[in-house]
Each structure stands twice: as C-alpha cells, then as structure tokens.
Amino acid sequence: TSEATLARLIEGSPHPIGLAEWVIAAGAPDDLAILDANAPAARLLGVGPGDRLSDALPPATLRVWTAACRRALADGAPQPFRTDIVAPGEHEPRRLAITLGLSAGPVGDRPARVTFLAEDVTARRHLRSSLFDREAKLRALLEASPVILFELDEAGLFTFAEGRALALSGVRSSDLVGQSVFERYRLSPSMTQAVGRVLAGEPSAWSLTLGRREFEVSAAPAYDREGQIIGARGVAVDVTDRNAARESAESVQEEAAEDARHSADLMALLSHGLRVPLATILGFADFLEGESDGETQASGAAIARAAGEVMETLDGFLDLGQLSALRTASPTPIGAPGLRAT
C-alpha cells in the first residue's frame with residue numbers, strides 16, 4: 001500500500017520526482033537504479049524506469065548523489081544538496097536543488113531504496129547572481145563617491161546608511177542605524193522639519209553640516225504596494241570640496257577684478273598726466289614751426305615728431321591695458337534685448 005501510494009504521488013506530481021535503488025557493487029562505484037520516475041524527472045534527467053543514473057550523469061555528479069544516500073542511511077533524515085546537470089537536448093547546465101530521502105533500508109538482498117525530488121533553480125541562481133552583481137556595483141559606487149544613501153522608517157528611525165561620505169564626516173553606519181533622525185539632529189531644525197515633510201508625503205531638499213563637511217540632501221517618501229508611506233529614502237552629497245573650489249574661484253575673480261580696477265585707475269592717471277603736457281608741447285611745437293627762422297622751424301618740427309611718438313606710445317599702452325582688462329573680466333550673460341542695444 002505504501003509503495004502504491006508513493007507511485008501515485010510520483011505520477012501526479014508536477015515536480016521531477018522518482019524512486020531508485022541504491023546499488024552497491026564490490027569493485028564498482030555506487031549507482032542508483034531508477035525504479036520509477038515521472039515525466040518531468042525523465043525530461044530533466046534523461047532516465048526512466050530500468051535506467052541507471054550513471055547513464056545520464058558524469059561520475060563526479062553521481063558521487064554527489066550517492067554521498068547523499070550514505071548520509072540519509074546514517075541519519076535517517078532527508079538530505080538536501082545542489083548539483084549541476086545538462087538536460088537532454090540542451091547545452092547549458094542547469095542548477096538543481098535535490099532532496100533525497102531514505103524510503104526503505106536494505107532488506108536481505110534488496111538494496112536500500114531512496115526517493116528524490118528535484119527542483120530547477122537555474123533562474124533563481126541567475127536572479128541571485130544578478131542581484132549580487134548589482135549590489136557589488138552599488139557597493140563600488142558607494143565606496144568611490146562622496147555620497148550617503150539612507151533609509152528611514154515611518155517613525156524616522158535610520159534603517160540603512162551607507163556611503164564613503166560617512167567616513168569623511170567621521171560617522172559610522174552603526175552610529176546611525178536604529179537612531180531617530182529627530183533626536184540625533186534635534187539641533188538642526190531645518191533638517192528635522194524637512195524630514196517631517198518627507199514622512200508626510202512631500203519630497204524635500206535641504207543643506208546639512210556634519211563637522212567640517214557640508215552636504216546637500218534630498219529625500220522622497222517610500223511607499224508599500226498599497227500606496228501607504230512606510231518611511232523615506234534619500235541621498236546626501238558631500239559638496240565641501242565643490243563649495244571650497246567655488247569660493248576659491250570667486251576669490252580669484254574678485255582679485256582679478258580689483259587688479260583691473262587698479263589698472264583702470266593707473267590708465268586714467270597716465271592718460272591725464274601725460275596727455276595734457278604733451279598737448280602743450282605739441283602746441284608750442286606748432287608755434288615754432290610757424291616762425292620765419294629756418295632753424296627755429298626745424299627745432300619745432302623735431303619737437304613735434306618726438307611728442308607725436310610719445311603720444312602714439314601712450315595710446316598703444318592704454319589700448320593694451322584695456323585688452324588685458326577684457327581678458328580678466330568674467331563673461332556676463334546677455335539676452336536678445338541686450339544684444340540689440342549693443
């Protein structure tokens with residue numbers, strides 16, 4: 001009756017299942033002789049009643065099965081194990097999760113009998129491998145980028161906090177997980193108020209200072225399948241170096257603008273201080289050139305030429321100073337009306 005029930009169970013199961021005898025022969029490796037196997041088992045393993053498992057499996061894989069037989073006989077309990085097989089007509093191996101149990105111990109000349117239930121977990125392994133790869137990529141990103149990823153539950157307790165920026169700010173993940181954001185940052189009302197808005201359903205962004213590090217934080221509500229808020233997820237980006245670089249650039253720009261103003265003052269001083277005397281010299285030179293005495297005319301002409309050369313040199317110097325000021329000045333955006341006016 002027991003074997004009849006087992007036979008009905010084997011035939012009616014949608015999973016690969018079978019009954020086999022554990023064959024032990026002197027001088028030969030252990031084997032499993034298939035007594036019964038349903039259609040899914042036949043398709044997956046390529047064996048049926050009257051076949052031996054050694055006909056379908058390589059020796060190394062067969063040893064995994066027979067080792068489970070020995071453990072089942074010793075423990076009297078089902079033995080789970082995993083193995084790879086290539087199903088008939090396929091080229092890629094499949095990962096199987098096998099549960100092998102002792103159905104009946106050896107009686108006289110009859111070998112021990114075992115049942116096996118196989119589950120194809122290839123897709124599950126691929127999914128787990130894909131998740132592992134994604135987690136590894138995310139871990140590499142968190143370790144290389146100055147960011148903190150965090151999660152809060154509906155009460156505002158940290159459930160997750162990871163990222164390289166944690167170490168930069170002198171905080172460990174264990175210092176945050178399990179702590180209340182409202183209690184830990186009670187002295188930063190801008191943050192606690194923003195987190196309150198997020199947990200109420202409103203995405204928010206704010207600034208935060210941890211020690212000497214400055215962060216820009218953004219967070220959004222987290223929902224369950226029913227659309228209920230179950231917490232918040234967010235990212236904090238360390239902008240300390242960026243802000244320092246911006247302040248340095250602004251300082252350099254201000255210094256350049258100050259230098260340009262000094263240069264402009266110097267140009268104005270030179271222009272006024274030299275042009276007025278030169279204009280006077282040129283006026284007297286013209287007066288001398290109008291005299292009747294040839295020697296006086298020649299002197300006036302020489303004075304005029306020298307003063308003209310000085311005036312041209314001054315104009316060139318002033319033009320060069322204006323070009324230099326244009327190079328150091330920062331560009332200012334201009335719209336269409338400004339272009340038309342220009």
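All heavy atoms count here, side chains included; hydrogens, waters and symmetry mates do not. Source: prediction; values computed, not measured. In what follows, residues are counted from 1 in the order of the sequence shown.
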>> According to salt bridge (charged side-chain N to carboxylate O under 4.0 Å, His left out), who are the partners of Glu92, at least two apart in sequence or on a separate chain?
In response: none
So which heavy atom on [X] is nearest to which on [Y], and how close?
X	Y	value
Ala37	Pro49	N-CG, 4.3 Å
Tyr223	Gly227	CD2-O, 3.4 Å
Ala219	Val198	O-CG2, 3.9 Å

Under a single-linkage definition using a 4.5 Å side-chain heavy-atom cutoff for Ile, Leu, Val, Met, Phe, Trp and Tyr, are [X] and [Y] assigned to the same hydrophobic cluster?
X	Y	answer
Val181	Ile229	no
Val235	Phe160	yes
Leu157	Val195	no

Which residues pass the side chain to side chain contact (heavy atoms under 4.5 Å, CB included) test with [X], not counting sequence neighbours?
X	answer
Ala302	Arg305
Ala77	Asp75, Gln79
Asp224	Glu226, Gln228, Ile230
Glu309	none

Could you check whether any side-chain N or O of [X] sits under 3.5 Å from a backbone N or O of [Y], counting only pairs where one atom can act as donor and the other as acceptor?
X	Y	answer
Arg186	Glu183	yes
Ser180	Phe182	yes
Asp238	Val147	no

Between [atom1] of [X] and [atom2] of [Y], what distance do you get to the nearest 0.5 Å?
X	Y	atom1	atom2	answer
Arg184	Met191	CZ	CE	9.5 Å
Phe158	Gln179	CZ	CD	9.0 Å
Arg113	Cys69	CZ	SG	13.5 Å
Glu162	Phe150	CD	CZ	13.5 Å
Thr240	Arg213	OG1	CZ	4.0 Å

> Which residue pairs pass the side chain to side chain donor-acceptor pair (under 3.5 Å) test with at least one member in residues 146-156, sequence neighbours excluded?
Replying inline: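 Sorted pair list: Glu151-Arg233.
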> Which pairs count as side chain to side chain donor-acceptor pair (under 3.5 Å) when at least one residue sits in residues 33-52, sequence neighbours excluded?
Replying inline: none
Could you pull out all donor-acceptor pairs under 3.5 Å where a side-chain atom in residues 200-210 meets a protein atom, sequence neighbours excluded?
{"residue": "Ser204", "atom": "OG", "partner": "Arg197", "partner atom": "NE", "Å": "3.4"}
{"residue": "Ser204", "atom": "OG", "partner": "Glu202", "partner atom": "O", "Å": "3.3"}

>> Give me each pair satisfying salt bridge (Lys or Arg N to Asp or Glu O under 4.0 Å) with a member in residues 55-71, each pair once, sequence neighbours excluded.
In response: Asp30-Arg70
>> Starting from Val23 and following side-chain heavy-atom contacts under 4.5 Å between hydrophobic residues (I, L, V, M, F, W, Y), which residues can be reached?
In response: none
> Under a single-linkage rule joining Ile, Leu, Val, Met, Phe, Trp and Tyr whose side-chain heavy atoms are separated by less than 4.5 Å, which residues share a cluster with Ile98?
Replying inline: Trp22, Ile24, Leu32, Ile34, Leu44, Leu45, Val47, Leu53, Leu57, Leu62, Val64, Trp65, Leu73, Phe81, Ile85, Leu96, Leu100, Leu102, Val114, Phe116
Using atom types as modelled, flag every donor-acceptor pair under 3.5 Å from a side chain in residues 170-178 to any protein atom, sequence neighbours excluded.
{"residue": "Arg172", "atom": "NH2", "partner": "Asp175", "partner atom": "OD1", "Å": "3.4"}
{"residue": "Ser173", "atom": "OG", "partner": "Ala161", "partner atom": "O", "Å": "2.7"}
{"residue": "Asp175", "atom": "OD2", "partner": "Arg172", "partner atom": "N", "Å": "3.0"}

>> Is there a side-chain contact between His15 and Glu119 in this structure, where contact means two heavy atoms from C-beta onward sitting under 4.5 Å apart?
In response: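 His15 does not reach Glu119 side chain to side chain.
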